[in-house]
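Start at 1 with the first residue, then count along the sequence.
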Amino acid sequence: KGPFFFGAQLSIVDIALFPWAYRAISVGIFETYRGPEFALDSKEFAGVYQWLKACEELEAVKSTLADPQDLKDTYHRYAEGTAESKVAEAVRIGKSAHEHG
């Protein structure tokens, strides 16, 4: 056992999940734009919080983390419907990004 998904060693699963967990949990994107009911309970999800902390403490992660406010500002455009990416446009017209040209 260890702090990472499969134990003591960082794995591809940790690497794939961490950026999304960081945004959702550490930065608080969901509760910022959708309300406090979207926050994960730190007691109920203690294992997730421990895993996240272990990942955040890695020097390679610390040195590459995006600024939380920059992330919030980026997601703000999506939350308000003002993002100008192809993905945002596709969502506004009810299509998936690969269907929208």
Side-chain angles (χ1 to χ4, degrees):
K1 276 203 146 184
F4 301 110
F5 196 83
F6 288 120
Q9 299 295 317
L10 188 71
S11 74
I12 190 69
V13 175
D14 302 297
I15 294 166
L17 291 177
F18 176 79
W20 302 106
Y22 175 72
R23 288 165 172 79
I25 300 167
S26 296
V27 176
I29 295 296
F30 296 136
E31 61 260 35
T32 297
Y33 295 111
R34 295 297 177 243
E37 65 273 14
F38 283 85
L40 290 182
D41 181 271
S42 62
K43 290 181 184 173
E44 184 178 353
F45 293 96
V48 174
Y49 279 88
Q50 290 168 358
W51 165 79
L52 191 58
K53 183 177 185 233
C55 290
E56 287 178 357
E57 289 176 349
L58 295 169
E59 194 55 45
V61 171
K62 284 188 221 178
S63 66
T64 60
L65 281 179
D67 176 72
Q69 190 58 53
D70 289 346
L71 287 171
K72 284 183 179 182
D73 292 346
T74 296
Y75 282 92
H76 177 79
R77 294 189 292 267
Y78 285 92
E80 296 298 314
T82 60
E84 296 180 3
S85 70
K86 287 186 179 187
V87 171
E89 181 58 29
V91 168
R92 279 194 286 277
I93 62 174
K95 294 187 176 186
S96 63
H98 73 276
E99 294 176 316
H100 183 63

### Task
Considering non-hydrogen atoms only, spot the tightest contact between Thr32 and Val27 and give its length.
OG1-O, 4.3 Å
### Query
Which value, rounded to the nearest 0.5 Å, describes the distance between Lys72 atom NZ and Asp70 atom CG?
11.5 Å
### Task
Tell me, yes or no, whether the heavy-atom count around Glu84 atom CD, taken from other residues, nucleotides or ligands under 6.0 Å, exceeds 12.
no
### Query
Taking only residues two or more places apart in sequence or in another chain, which ones pass side chain to side chain donor-acceptor pair (under 3.5 Å) with Ser42?
none
Could you pull out every donor-acceptor pair under 3.5 Å between side chains of residues 59-66 and any protein atom, sequence neighbours left out?
residue, atom, partner, partner atom, Å
Ser63, OG, Glu59, O, 3.2
Ser63, OG, Ala60, O, 3.3
Thr64, OG1, Ala60, O, 3.0
Thr64, OG1, Val61, O, 3.2

### Query
What distance separates Gln50 CD from Phe4 CZ, expressed to the nearest 0.5 Å?
12.5 Å
## Note on the structure
Output for pair (Arg23 CZ, Ile29 CD1), nearest 0.5 Å, gives 8.0 Å
### Query
Can you list every ring-ring contact (aromatic ring centres under 6.0 Å, His included) pair that touches residues 14-46, not counting sequence neighbours?
Phe18-Tyr22, Tyr33-His76
### Other residues, nucleotides, ligands: >12 heavy atoms within 6.0 Å of Glu37 CD
yes
### Query
Can you list every pair that meets salt bridge (charged side-chain N to carboxylate O under 4.0 Å, His left out) and has a residue in residues 41-54, with sequence neighbours left out?
Lys53-Glu57
### Query
Sequence neighbours excluded, which residues qualify as salt bridge (Lys or Arg N to Asp or Glu O under 4.0 Å) partners of Arg92?
Glu89
### Query
Under a single-linkage definition using a 4.5 Å side-chain heavy-atom cutoff for Ile, Leu, Val, Met, Phe, Trp and Tyr, are Tyr75 and Val91 assigned to the same hydrophobic cluster?
no
### Query
Considering residues at least two apart in sequence or located in another chain, which fulfil the side-chain contact (heavy atoms from CB on, under 4.5 Å) criterion with Ser85?
Tyr78, Val87, Ala88
